[in-house]
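What follows is one structure encoded as structure tokens, with my remarks underneath.
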Amino acid sequence: MGKPEARSGWRNAAAAAWVLVAVACAAYMHWHLRRETMDRAEERLVSMCEERARMLQEQFGVTVNHVHALAILISTFHFEKFPSAIDQDTFAKYTARTSFERPLLNGVAYAQRIFHHEREMFENQQGWIMKTMKRQAAPPQDEYAPVIFSQDTVSYLARIDMMSGEEDRENILRARATGKAVLTNPFRLLGSNHLGVVLTFAVYRPGLAADASVEERVEATAGCLVVVVSSNQIPTNRYLGGAFDVESLVENLLSKLAGNQDIVVNVYDVTNASEPMAMYGPQSPDGKVSLFHVSTLDFGDPFRAHEMRCRYRQKPPLPWSAITNPLGTFVIWMLVGYIICAAWSRYDKVSEDCRKMEELKTQAEAADVAKSQFLATVSHEIRTPMNGVLVVQRSKILPFNVGMLDMLLGTDLSMTQKDYAQTAQMCGRALITLINDVLDRAKIEAGKLELEAVPFDLRSLMDDVISLFSSKSREKCIELAVFVCDDVPKVVIGDPWRYRQILTNLVGNAVKFTERGHVFVRVCLAENSKVEANQVLNGTMNGKDGKVETTANGAFNTLSGFQAADERNNWDYFKLLLSDKEPHMDELECDRSYQNDCDCVTLMISIEDTGVGIPLHAQDRVFTPFMQADSSTSRNYGGTGIGLSISKCLAELMGGQISFTSRPFVGSTFTFSAVLKRSCKDTSSDSKRSLSEALPTAFRGMKAILVDGRPVRGAVTRYHLNRLGIVVKVVNNLSMGLQTLAGQNGVKESREKLSMLFIESDIWRPETDILLLNRLHELKNNGQVHELPKLVLLVTSEADKDRYGSAFDIVMYKPIRASTIASCLQQLLKVVMPERKDNQNRPSFLRSLLIGKNILIVDDNKVNLRVAAAALKKYGAKVHCVESGKDAVSLLQQPHCFDACFMDVQMPEMDGFEATRQIRQMEVKANEERKALDLMEGSTFVESHLPVLAMTADVIQATYEECIKSGMDGYVSKPFDEEQLYQAVSRLVVGTKESAV
């Protein structure tokens with residue numbers, strides 16, 4: 001049984017046990033609640049039964065007390081009174097009138113105690129003879145108890161000797177001996193057929209002490225009160241008695257109490273415990289009575305025992321709580337069990353999912369490794385043949401290439417052949433760019449893309465990016481411009497290649513999708529961008545129109561006069577970013593960033609275009625890899641859709657974000673931020689690493705007038721001229737320019753220093769050629785100007801030059817940048833430019849380093865061998881080529897004569913990693929032997945280390961790590977980047993030389 005089946009079996013067993021526990025808990029609760037209900041019912045039964053017994057005893061006691069009072073009355077007014085104060089009529093009337101005090105008595109009779117010797121005299125006095133219960137003459141005996149007074153209700157007891165009945169005789173004897181009321185056995189009363197008892201109470205002579213003995217009590221007895229007597233009994237002596245109707249007594253009592261209908265009350269005479277006699281109530285039903293209570297009754301007779309038995313008339317009902325609560329408990333248990341079972345199942349499922357995820361993770365990691373290996377292989381297989389076709393030049397430090405196409409272009413070719421070769425070279429570079437993008441995306445997904453941190457000149461880099469698209473913008477006759485705010489540092493620290501990659505992607509897309517208008521790149525600090533955004537009160541959103549200010553002729557106040565997607569580059573908001581003062585000469589030499597050296601700065605870069613915009617339905621997937629806005633976009637404009645996704649990832653790696661605003665058929669504005677570091681003073685001077693192009697200083701102090709009717713474009717042109725130190729006055733039209741030139745402000749010095757007059761092509765009209773020239777000559781002849789300024793026309797296409805250029809000294813093509821302006825003005829003004837002292841990067845310097853060096857190249861591809869050998873031989877290196885790792889290991893056996901080795905990574909039989917490891921092992925062994933020998937000879941030991949550079953088309957980080965791990969000193973990528981190739985060789989060879997010395 002597998003683990004899932006075992007867990008399922010345990011779960012089923014636990015579920016069954018849980019159900020049993022739930023049933024047991026519900027049953028226990030039901031039993032407990034039922035037990036509580038029965039206990040409460042029993043307590044209630046006990047309470048009611050005890051209450052009834054107590055009240056019955058109290059009622060019986062009250063009656064006995066009344067009988068006792070009647071006995072005292074007779075003792076006082078009849079005994080030893082001659083004549084007696086009480087006769088039959090008086091007794092009958094009194095007892096009749098006080099019968100309400102004895103509601104439970106049938107009647108009361110008084111039997112006087114007569115001794116045998118007194119019988120004859122008594123009968124003579126009474127005029128009747130005593131009779132027995134059977135109505136016969138009383139037989140002779142020691143004592144008699146004839147009834148002399150009786151209540152009318154029991155008048156049939158008159159003359160009957162109560163001592164003639166055996167039970168009555170015993171009662172009389174017990175009553176006079178104890179001084180308490182004595183009861184008979186229960187019997188049926190005549191008339192009502194109720195059960196009753198006869199109460200006999202002794203009547204004593206006055207003066208009997210309370211603690212008298214039995215003999216004293218017997219001696220003091222005068223008679224007795226008989227409470228009831230049977231109809232066939234005749235009293236024959238002096239005693240007082242009465243008949244108690246027990247059933248009526250209990251009935252009257254129960255009728256006064258609540259809950260009488262709920263319980264059944266039985267009263268028993270239990271003098272004979274084996275055969276109790278029922279005095280009241282129905283007999284108990286057959287079977288076991290669930291709830292039953294017995295209360296003892298004390299009627300004052302010490303010789304008889306009575307008790308009250310109580311039970312419920314019906315079985316106490318089971319409360320609903322005894323059903324609902326257990327059922328609810330069972331349901332709760334089941335729900336809890338279900339939750340636990342579900343949680344258990346969920347836990348098992350999650351555990352299983354985690355296990356599967358771990359497996360998938362392992363598979364994914366393996367797939368990632370496989371993908372990396374696949375990319376490395378594909379990259380190598382694609383770049384290797386491309387290396388023989390062309391190289392991709394990344395900088396302008398070295399002005400030549402070594403690819404086969406480059407070698408072909410260096411030969412004598414016809415114009416057609418040269419065109420074919422250049423077309424092939426352009427397509428090859430496009431292919432390399434696509435390959436680089438795909439590899440970048442793969443490295444980003446693998447999290448292995450690392451950013452450099454080198455100083456670079458931000459403004460020069462922006463100019464370089466713009467120059468890449470200058471020819472395309474001229475073909476489309478669109479404005480292409482870049483503007484960097486004055487407070488942005490000149491030199492920053494970051495990754496210039498990745499920063500350039502983002503800009504190239506975004507600017508390339510903007511130029512590609514724009515057919516009229518402009519593409520405007522703007523760089524400012526993030527805090528200034530936020531202030532500017534707060535000033536835009538009615539800014540536009542994606543796909544929604546907003547109110548945009550226009551000029552008098554209906555054009556918009558933007559760079560080109562066309563409406564843009566948002567208003568941030570409109571003049572009203574753009575002017576907030578401009579400095580109010582003209583830049584001073586010294587400010588152009590120093591970097592404003594030195595005020596806060598070596599801290600972070602967040603740049604906000606926006607690329608605004610007036611192109612086709614992005615459809616609303618496609619804006620959500622703009623940054624999705626390999627996605628286009630629609631199929632028509634892909635057909636009309638081309639592209640893979642990977643550039644924006646790479647730009648987004650790179651911006652996030654730089655600590656920023658990327659977003660956009662787009663309106664269909666109006667344009668788009670992409671904005672991204674990047675966190676860079678301000679460069680300290682000591683790093684900004686490293687021009688080789690900062691990629692900074694030093695601007696000439698020969699134009700500082702010159703003054704110029706710019707005629708441009710669009711303030712945003714005029715501010716951008718002024719920015720580029722200010723970078724050269726030229727002080728610029730911007731005017732809206734040609735008339736104002738001539739007025740400024742004439743010096744109407746009266747400042748003579750300003751007229752003397754005015755050197756140039758820049759005019760935008762859309763301001764110029766052909767009919768103004770002669771008028772302008774005549775006006776300039778007129779100003780010179782009048783002495784208002786000493787020397788005519790040079791006229792410079794700014795155009796966006798070659799067609800504008802042919803149309804307007806005849807009257808101007810020079811025509812300057814857009815996009816303008818500081819270096820192109822300097823080059824044009826050098827030709828125009830005949831300014832001598834100082835040469836840059838960077839001979840350390842020139843080919844002659846590299847030749848001096850590499851000449852005569854023995855370099856081993858190992859590659860299984862003969863084309864790569866030829867390309868690498870040709871590149872190195874140009875600088876005098878002696879190159880030896882082999883095609884396998886084994887041959888390289890054989891040639892590098894100690895000792896050898898090589899100064900460096902270029903090792904291909906992927907080769908049959910023995911790859912470059914294994915070959916390098918064996919070379920290092922041989923070096924370690926040889927160094928140990930040489931060290932021991934030098935120690936014996938006393939000479940200085942110099943460690944031998946051959947620089948080994950990997951030649952690979954795989955630029956993934958994992959490959960670089962494997963190169964370092966195997967003992968290589970670095971690598972150069974294919975196709976060869978000459979700067980990387982020569983700098984790596986020179987660094988390693990020079991380092992080896994210095995260490996050897």
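Index from 1, following the sequence.
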| field | Non-hydrogen atoms of V203 and A71 that approach each other most closely | value | CG1-O, 3.6 Å
| note | For residues 55-66, the salt bridge (Lys or Arg N to Asp or Glu O under 4.0 Å) pairs (sequence neighbours left out) are R54-E58
| said: Aromatic contact between F149 and H78, with the criterion being ring centroids under 6.0 Å apart: yes or no? | reply: yes
| message | Can you confirm if the aromatic rings of H306 and Y268 lie within a centre distance of less than 6.0 Å? | response | no
| request: Verify, without hydrogens or angle tests, whether D301 (side chain) and L183 (backbone) share a donor-acceptor contact under 3.5 angstrom. | output: yes
| Residue pair T95 / L70, side-chain heavy-atom distance below 4.5 Å | yes
| Parallel, tilted or perpendicular: ring planes of W128 versus F122, cut at 30 and 60 degrees | perpendicular
| Partner set under side chain to side chain donor-acceptor pair (under 3.5 Å) for E36, not counting sequence neighbours | H32
| For T362, side chain to side chain donor-acceptor pair (under 3.5 Å) partners two or more places apart | none
| field | Verdict with supporting geometry, E50 and S295, side chain to side chain donor-acceptor pair (under 3.5 Å) | value | CA-CA 6 Å; E50 292 292 337; S295 296; 3.0 Å; yes
| query | Would you find a donor on one side and an acceptor on the other, under 3.5 Å apart, between the side chain of E123 and the backbone of M130? | reply | yes
Taking distance alone, no hydrogens or angles, what donor-acceptor pairs closer than 3.5 Å link side-chain atoms of residues 322-340 to residues at least two apart or in another chain?
residue	atom	partner	partner atom	Å
T324	OG1	W320	O	2.9
T329	OG1	N325	O	2.7

| field | Enclosure of R34 CZ (heavy-atom neighbours >12, cutoff 6.0 Å) | value | no
| field | Non-neighbouring partners of D39 that pass side chain to side chain donor-acceptor pair (under 3.5 Å), sequence neighbours left out | value | R35
| Hey, which of R119, M163, H116 is the one that makes side-chain contact (heavy atoms from CB on, under 4.5 Å) with Q141? | M163
| query | Which atoms form the tightest heavy-atom contact between Q88 and I148, and what is the distance? | reply | OE1-O, 3.2 Å
| With A24 via side chain to side chain contact (heavy atoms under 4.5 Å, CB included) - residues at least two apart | none
